[in-house]
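Okay, structure first, notes after.
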Amino acid sequence: MVSLLDGLVVNLYELSGIDSERQALVLATMAHANGSHEHSGIAFDSDGKPTGFYKLDSLFPSPDTDATPSPA
């Protein structure tokens, strides 16, 4: 098995039984841990000249969680 995590093997099959709410939390956690909440984009004017940077949204934003999910 090839790992994307520098040799740490992660068995994603173990995640196949979680509900969609928990899947969203896992994806948001992975995006946050990878720093996607800190990425920026380049702004351009109408002539295509770069004018600055702007903050991009997280690749997978954290879902709105008003309550803590109950244990599975």
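Worth knowing before you read on, the calculation uses all heavy atoms, side chains too, and leaves out hydrogens, waters and symmetry mates.
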Partners meeting side chain to side chain donor-acceptor pair (under 3.5 Å) with Asp19 (sequence neighbours left out): Arg22

Across all chains, not counting sequence neighbours, the side chain to side chain contact (heavy atoms under 4.5 Å, CB included) partners of Leu56 are His39, Tyr54

Test of understanding: with side chain to side chain contact (heavy atoms under 4.5 Å, CB included), list the residues that count as partners of Thr51, not counting sequence neighbours. Ala43, Asp45

